[in-house]
Every structure is written in C-alpha cells, then in structure tokens.
Amino acid sequence: MNRSQQKKAAWFWRQPTWLHQRQPHRLRQWRHPLAALVLLIALVFTAVGLAQARQQGQEEGSDGYVIAGQLLDSQGQPVVEALVTAKMPAEDEPLTETESQEDGNWALITEGEPQAGLAVIVQRPHFQTEILELSPNDLAELRVTGTFGFGEIILQRQITAGFWAATLIFVAVLLIIAFEKLHSTTAALVGLSAVFLVSFIGVAFWPDLFIFNFDRALTYINWEVIFLVMAMMIVIAVIEETGIFQWTAFQAYRMSGGRAWLLVLILMAVTAVASALLDNFTTMLLMAPISLQIGLAIGINPLALIIPEVLASNVGGISTLIGTPTNILIGAHANIGFTDFLVNQTVGVVAALVMMALFVLWHYRAEWRKQSGGISPALYQMLEENARIEHPNQLRKSAIIFVLIITGFVVGEQFHVVPAVPALIGATALLVWLKPDIHRMITAVDWTTLVFFMALFMVVGAVQEVGTISFIAEMISRIVGDSLVMAIFVMVFGVGTLSTVIANIPLAASMLPVADFLSLSIPGAQTKVLYYALSMGAAMGGNGTIVGAEANLVTAGITEQAGRPISFVAFLKVGLPVTYLTLIIGFLWLLVRFVL
Amino acid sequence: MATLLYPTRGGDTTYRNQDRACDLAKELGADILLLYVGNVHFLDHIAGPVHVEVLQKELDEMAEFLLAVAEERVQKSGVKAKRLIKHGGFREALKETIQEFGVSAVVLGRPAHDTALTTIEYISNIAKSIPAELNIESFVVHEGQIVEHYQPSTTENTE
C-alpha cells in the first residue's frame, strides 16, 4: 500500500468515530433526536468521506477500490498482524495485500475494476485461514460506491504443534520456579530460549511448530511496568539505607512496653503500611532482621512476630499500585491508577488485616504468655544502636521526593500520565539532589528482576499467541456464564488457590488476558472489578505457603540465617487459614463495592 | 590460654549444645570463640529487588546481636567468650578461623533441622576432616550430649 492509499484507508476508518462521541449531560433529554441527528450526520460524512477517498485516489492516478474489515478472535479481541490479501482465483499472485492493525482493522485497495471471483484471504499463524469471496451483490456495491466493508470477521483458533510446545514450555517454567530448580530469572530465560528455539529452529523441521517471531515477542513486553519497577527500585534503594524500617520497628517495641501481643499488632500494621507505600519484598528484607532481635529481646519465638509480619506485608501491598509487583502489572495492563487501587481496595484490605490479626493472636496465644523479664542493658543498647536512623538528611530528602512521587501518581491520573513517569522523574530528582554514587545506585537496581519481567512477558506472550490463554478464558467463561458474582468468586478463590503454589507474578501475568476477556463479556464487569479480584487473589494467595510469594522466601532465608528456619508445615499452619479468611473478606468487599 | 571454637547461629535448639560446649571449655581450661558464618546464598533462588550491601549490613547487625546473647550466656557459666562474624562458605570460614586464632578444639552442634546449608552428614564430614587437616580435636554435640568425637590421631568416632 502506497502513502496515498494508506492515507485513504486511515481516513476511511476515522469516520465512524463521529458515532461514538458523547453528548453533553445537559442535552440528555434530547438524546434520542440528537442520536438520530448525529447518526444522520455521521452517515453523510461517511458517504462524503468514501466519495472523497475514491476521488482522491482517482486524482492521484489510482482508481482504487477499498475493501475493509476488522479481525477479531472468538473472544472479541482484535487479531493483529494478520496477512490479508485480495486474489483472483485464476491468478497466482495476489492483487494486493496488507496487515491488520492494533485494533484488528485492515483495508485493501485494489487497482482496476473488481471482477467476479475476487476473494479476500486472511492468514494468521494459530488461526484457521479465512477465505471471503465477494458475492455478486458485494461486487456491485464495490463498483458503485468504491468501497465494501466486511465488518467484523471472527477468526477461529487452530491448535497447532506450536500451541502444545508453548504450553509445555510455560508449564515447565512455572514448575521450575515453584520447585526452585533454578532462579526465577534463569527459569524465565530458559523458557524464552526454548520458545525461540522451537520457533526458529524447530520450524525448519516442522513448520507447524511456529510460535512467534522476535519482533512479535517484543510487543508483549510491558515497558511501563519495567520503567516503574526500575524507578521505584532506585527510590527504595535510597530510602532503605536510612534505617527508617529498623527505627520504626524499635519504636513499636518501645510502645508495646514489652507486651508481645500488642507488639505483633503494631508490627503488622507498620509492615502493612510500609508494604503499601514501598513494596512488600523490601519491607520484609529490612523488617525481618530487627524483628528477630526484638523477638529474642522479649523472650518469645521470633517467628511469632515475623510470620504475621510477612502475612501482613503480602496483604498490605494490595491497597496501592506500587505495593506489590502484581499490582504494578495489573495497573499498567488495565490502566488502573494509584487512586483507583487505594479507593477500591483499601477498605477490603484493612478488613482482611483485622481478620488476620485476630487469627494470629489466637494461633500464637501460647507465645504471648512466654515473655521473659527483658534483656540486659548492654543488649538493649545494642538493639537501640541497630535500630537507629542512619542518615537523617537522606531520609528527609527522600521523604519529600517520595511524597511528590505519590502526588505525581494521583495528579498524573487526571492528565493521563502513566505512573512510570512521576516515578522516573522522582528517582532522577533523588539522584540529582542527594548525589549518591551513581554506580552504586545503578547496581541497586535489581536487573535480575527486570530481566525476569521481560522474559516472563514474552513467555506469557507465547501462550497468548498460540491461544492457550484464550482456551483457559473460554473455559472459565463457560463456568461463570454471565454471572459477575461467580466471575469474582472464581478470580479471587481460583487465583488465590493457585497462588499458594505458583509464583504470583507469572500467574497474574497469564491471568490478565483472561480478566480482559471476562471483563468484556460479563455484564457489569466493565468496572474493572475482575482486575481487583485478580490483585486480591494473587497477593492473598501468596500467604498460603512458604513458596507462595518472594517476600515469604526472603523472610525464610533471613530467619534461617538466625538458626530459626521456617518449615513448610509451620508456615502452612498459619498461612493457609489466613489465606482463605482474607480471601473471603476480599471477596465480600468486592461484592459490596461493585455488585450490591 | 586455649581456645575452643563454637560456631552458632543462635537458634533456641542450640542452647543445650552451647551449655555442653561451656562444660568442655572448662574441662580444657579454654576460652570460647563464638563464630557466626553468614551468607546470602538464599537470595540465589529469589527474584526481588535486593540491595545486597544493605541486607548484608542488617544481617551482620543481627549476627552481632545473636552472638552477644550467646556471649552473655557463656559468660554467666563462668567461661570467657569472644565473638567473631565471617561470611561465605561454612567449611572455609571454619578452617580460616582455626588457623587465624590458633584454635585447640572445635565443637559443632548437630543441626536440629536439615536445611539447605547444614545437614547431619555435612556437619559429621566436617568434624571428621578437621583433625586430619588441622591437627586439632573436634566434637559434635546434640541435645547437650557429645555424639561424635574425633582426635588428630584417628578419623574414627571415639564416642
């Protein structure tokens, strides 16, 4: 398609937008006559536009005819990069060809008078080839008006060898991560390499093995997530050096007056808030060592403080966009902002934390009676020293920037500024203001995590490409039907249960397209409630087992360093009941907020 | 003054073994050197934003506190104690310390739980290798009892 043809095609598709323009609120009583008027104007403009397009083509020496349509999959999602060709039956070479765009639209412009037998062929890996022959009436319309629209064309999925290959690779990656056979990043890279090996080398032996090419794989990386995570890592790296976490934990110890039951409640609250504002992983990384010392100081099993903390950190992070990696994924994918998470999740999260606190107080009741008479003045002094604020000036400056970043998140939403932008500006401002060693700061960015995200996006993209995710989405859709309550239930409890054993980041990444489909097909789901359900399920489910969340694993690693390993069963005994109690609360909250 | 090396991570299951180490120190007329060997190998399987320097500092402070608690216990039993933190592999850190401080005997606590780092076999193998390689006595204690004892002249368990 040459430039003038592309212009014409683009113009052709811009016309129907007149139909979608919203009417002002004060004219609502006139909406029916106005709608008719708008429709009429739109039709006139469309007709004029088509005529202009044809005229323009003729003026430029090309008497082209426009054939257009939109490609959708069986779930109503646009099918992109499909090869669309116009062909006469007797000819080997196509008359013209094009590719479907991001919204699934395509437009072919043929030269010369359209002849009987003209057909449009749509080809796309992992879909059945569609041959659309123009009937005599269609041809007549094309000859008279110069345009013909097929409207929506539903392409049917085709199960290929590539489908099985991509699915097996994806499952293998999940298992490798779950059983800790390799580092998560290595596992994702191994999966990605396997996908490319199958796509590029396997295909030479069996073309049916094709999954996707490199360019297509890159389109699955969500760069907004990468930049937001990277910027927040820099900000957190500055804040974590200040000792604010340790100082807060020590203040909690002092406030509690040595009463362990009160101390655990304060520490849970502190951890939940810190996790919501920073991230649950870093929070536990810094809270666990000092909490362990405090536990020893008051003479109880430190795990009675630390396990409730990690449970609270996994749930507390749900209430903000930046609180958990899964929320960052969900927010960037579904365009859910900082305020949206705060408004729609916080009450549910607080209620879940209250329920969790009650259970924890009951579960560890024997520990609260075990308290010793305290520690020696020398040990107390050492504890106080370990919990001091290290760099007050750095803390003050980073606190100011952090507040500005949060403000940027909130204000930016009004101007369609994605959260990665204020985060990146804030991180840069911190580097300029504090002038830390830039090499040290850059090494503070955990590149393994960023590479993990990129590789994971592409591996999940592979199963999206071949249709595995669509298959799962259709299966869930059949189970839930048109019931929004059922869909929320499945999303909260299904994802929550899976998340107890499957790492929640890949799980959330692979469930996002499922939430897309259900949000489109179920009445009332357009409020994005299913994304909130996914957020709750993925994060709360992480509390089920020690392998359910990265924060759990890092906490277990730290306690093991202190000769107090957290066994799988010990964690399960408290984590699993807490998981289902909090999932129930989260589910009920979403019903109250979005359904009732 | 002789030095008896007792590596510990301060877990509550080690208290009885620690008491046994104190008794041995008294018998040998030795001081106790409390050794904590830390490493962050547990991060190898975790994908998360870890500023290793910061975490290492926190773990060192935690280790100082754990050793200080142990030191108080040892000193209460009438034995002098010093504390030392090292990083890296347990076996290497142990040998390095023995050579650096002229240690005359080593008491190793048998792990109450098998973790990725220490298992009963792992500790037993180290205890066997110490007399042969470094020419000092080694003991393995469990729940306050000596369960393995190796002397420089033999790699057989004399318990």
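Per chain, numbering begins at 1; letters A, B, ... match sequence-line order.
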Under 4.5 Å heavy-atom distance to chain B, tell me which part of [X] shows up: side chain, backbone, both or neither.
X	result
A/Leu182	backbone
A/Asp279	side chain
A/Leu292	side chain

For A/Ile389, all residues meeting side chain to side chain contact (heavy atoms under 4.5 Å, CB included), sequence neighbours excluded: A/Ile244, A/Trp247, A/Pro392, A/Leu395
Verify, without hydrogens or angle tests, whether A/Ser567 (side chain) and A/Ala570 (backbone) share a donor-acceptor contact under 3.5 angstrom.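 Yes; at least one donor-acceptor contact below 3.5 Å.
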Determine whether a donor-acceptor pair (N or O, by modelled atom type, separation under 3.5 Å) exists between the side chain of B/Thr14 and the backbone of B/Gly10.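 Checked: no pair found.
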Among A/Glu241, A/Glu385, A/Met232, A/Glu240, which residue forms the greatest number of heavy-atom pairs with chain B at distances under 4.5 Å? A/Glu240
Are there over 12 heavy-atom neighbours, none belonging to A/Gln381, within less than 6.0 Å of that residue's CD? no
Select one option (side chain, backbone, both, neither) describing which atoms of B/Val54 are under 4.5 Å from chain A's heavy atoms. side chain
B/Glu72 versus chain A, the contacting section by heavy-atom distance below 4.5 Å: side chain
Using distance only, find each side-chain donor-acceptor pair of residues 20-30 of chain B under 3.5 Å and give its atom names and separation, not counting sequence neighbours.
{"unit_1": "B/Lys26", "atom_1": "NZ", "unit_2": "B/Ser77", "atom_2": "O", "d": "3.0"}

